[in-house]
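All heavy atoms count here, side chains included; hydrogens, waters and symmetry mates do not. Just so it is clear, the model here is predicted, and its values are computed rather than measured. All ligand and atom numbering here is 1-based and tracks the order in the structure.
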Amino acid sequence: MSGPIIRVEGLRKAFGEREVLRGIDLEVATGEVVVIIGPSGCGKSTLLRCLNALETPTQGRIWFRDELLGQQEKNGRLIPRPEVEVDRQRTRIGMVFQRFNLFPHMTALGNVMEAPMRVKGLSRAQAEELGTKLLGRVGLADRKDEYPARLSGGQQQRVAIARALAMEPDVMLFDEATSALDPELADEVLQVMKDLAREGMTMLVVTHEMAFAREVAQRVVVLDAGVVLEQGPPSVIFTRPSQPRTREFLRKVL
Ligand code: ADP
Ligand code: MG
């Protein structure tokens, strides 16, 4: 397939008076892994949340392939989208958060089975088969009947990844998915993310793991104060960025 799978044009988002995204333009190709970096508060999470319909943009357009996502303009007014379309958007664009947000009263398998049954109408048997397969894929086949409280942070995050994959998304968004984890637990989650990338998943990854970015990303996008400051291959961004503010940021994190 050719052409971008996601295209963002002039995306703006304000919370009250405060404009957090100030005109973002971004394209992501099918199968591409894009790492987004930038100082705390620059709008990384807000950008991903707009892509996943957790926030409603104030202005701008988001396309998924040929389909316009986000609210539609009608007679100069923005019209919210029907809930069913928002659900459809979330089945195509999965998201994994810093906090795992698993359902505490469900087992690992139950967590993965829930959305396919509720949103996609899979039978319990089908969802169980899918969930078992996905938990195997994230290395948790033997932990499928455990409740989240009995799993490590890294295992919980891998369940969260399996849960997102259960919707068979075309794009996966990761918002600091390893920031809350000790290094060795972060590594097992990063390994699952690397496997996904290798299998061809399109991924937008907000992370401070610069080694991951170097190894896996085709492109690094630097956000600063709600705009794309610069972007390029990791080899360029990490060694000879063109913007002084990128250099300043990298000095703090590398
Ligand atoms: P980042 O992920 O890059 O650290 P965020 O996208 O989380 O940044 O936040 C960007 C700015 O928007 C921050 O100043 C944050 O306080 C503000 N912000 C985020 N969400 C909300 C919200 N729901 N209401 C008000 N302000 C928000
Ligand atoms: Mg954030």
Side-chain angles (χ1 to χ4, degrees), residues 6 8-28 33-62 69-71 78 80-81 83 86 89-90 93-102 153-154 156-157 160-161 164 171-183 185-186 189-190 193 203-213 216-217 219-232 234 237-238 241 243-254:
I6 285 182
V8 174
E9 235 182 57
L11 182 65
R12 292 177 176 269
K13 174 66 183 176
F15 294 106
E17 295 283 277
R18 175 133 197 261
E19 195 166 53
V20 168
L21 300 181
R22 302 186 302 130
I24 303 252
D25 298 312
L26 187 67
E27 287 191 357
V28 181
V33 177
V34 175
V35 161
I36 300 172
I37 62 173
S40 178
C42 73
K44 304 179 297 294
S45 295
T46 305
L47 171 60
L48 293 194
R49 291 170 61 83
C50 285
L51 294 176
N52 191 239
L54 291 169
E55 300 287 357
T56 306
T58 328
Q59 265 186 60
R61 303 230 183 303
I62 301 171
L69 305 178
Q71 75 279 57
L78 294 172
R81 299 164 75 216
E83 196 60 30
V86 172
Q89 178 171 352
R90 295 208 185 111
I93 305 178
M95 186 154 171
V96 176
F97 302 86
Q98 180 173 347
R99 300 290 316 268
F100 333 119
N101 303 317
L102 297 178
Q156 288 183 52
Q157 191 60 300
I161 293 173
V171 177
M172 285 280 284
L173 312 175
F174 292 88
D175 191 2
E176 302 201 27
T178 60
S179 299
L181 301 173
D182 291 338
L185 300 184
V189 174
L190 289 167
M193 292 167 64
M203 295 166 50
L204 263 83
V205 183
V206 171
T207 185
H208 300 299
E209 300 278 353
M210 298 300 155
F212 173 88
V216 182
R219 183 153 51 103
V220 175
V221 172
V222 186
L223 279 199
D224 188 48
V227 297
V228 175
L229 189 61
E230 65 179 309
Q231 53 184 313
I237 297 292
F238 291 143
Q243 298 296 317
R245 286 191 58 80
T246 304
R247 249 170 270 149
E248 197 182 309
F249 171 73
L250 289 173
R251 218 173 13 245
K252 287 179 200 149
V253 296
L254 284 178

Query raised in the report: side-chain contact (heavy atoms from CB on, under 4.5 Å) between Val189 and Val96: does it pass, once the steps are laid out?
Result: CA-CA 11 Å; Val189 174; Val96 176; over 6 Å; no

Requested in this report: Apply side-chain contact (heavy atoms from CB on, under 4.5 Å) to the pair Val216 and Met193, showing each step before the final yes or no.
Outcome: CA-CA 9 Å; Val216 182; Met193 292 167 64; over 6 Å; no

Query raised in the report: When you look at CZ of Arg99, are more than 12 heavy atoms from neighbouring residues, nucleotides or ligands closer to it than 6.0 Å?
Result: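 Open: at most 12 neighbouring heavy atoms sit under 6.0 Å from CZ of Arg99.
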
Report task. Would you mind reporting whether Val8 and Leu51 have side-chain heavy atoms less than 4.5 Å apart? Result ->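 A side-chain contact under 4.5 Å exists here.
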
Requested in this report: Can you measure from CZ (Phe249) to CD (Gln243) and round to the nearest 0.5 angstrom?
Outcome: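 These two atoms lie 14.5 Å from each other.
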
Report task. Please state whether the separation between the Mg ion (ligand 2) and some N/O/S atom of Ser45 is under 2.8 Å? Result ->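 For Ser45, the answer is yes, given that an N, O or S atom comes within less than 2.8 Å of the Mg ion (ligand 2).
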
Query raised in the report: So which pairs with a foot in residues 220-232 pass salt bridge (charged side-chain N to carboxylate O under 4.0 Å, His left out), sequence neighbours left out?
Result: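 Output for this query lists Asp224-Arg245.
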
Query raised in the report: How would you list, by chain and number, the residues with a heavy atom under 4.0 angstrom from ligand 1?
Result: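 Residue list for ligand 1: Phe15, Arg18, Val20, Pro39, Ser40, Gly41, Cys42, Gly43, Lys44, Ser45, Thr46.
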
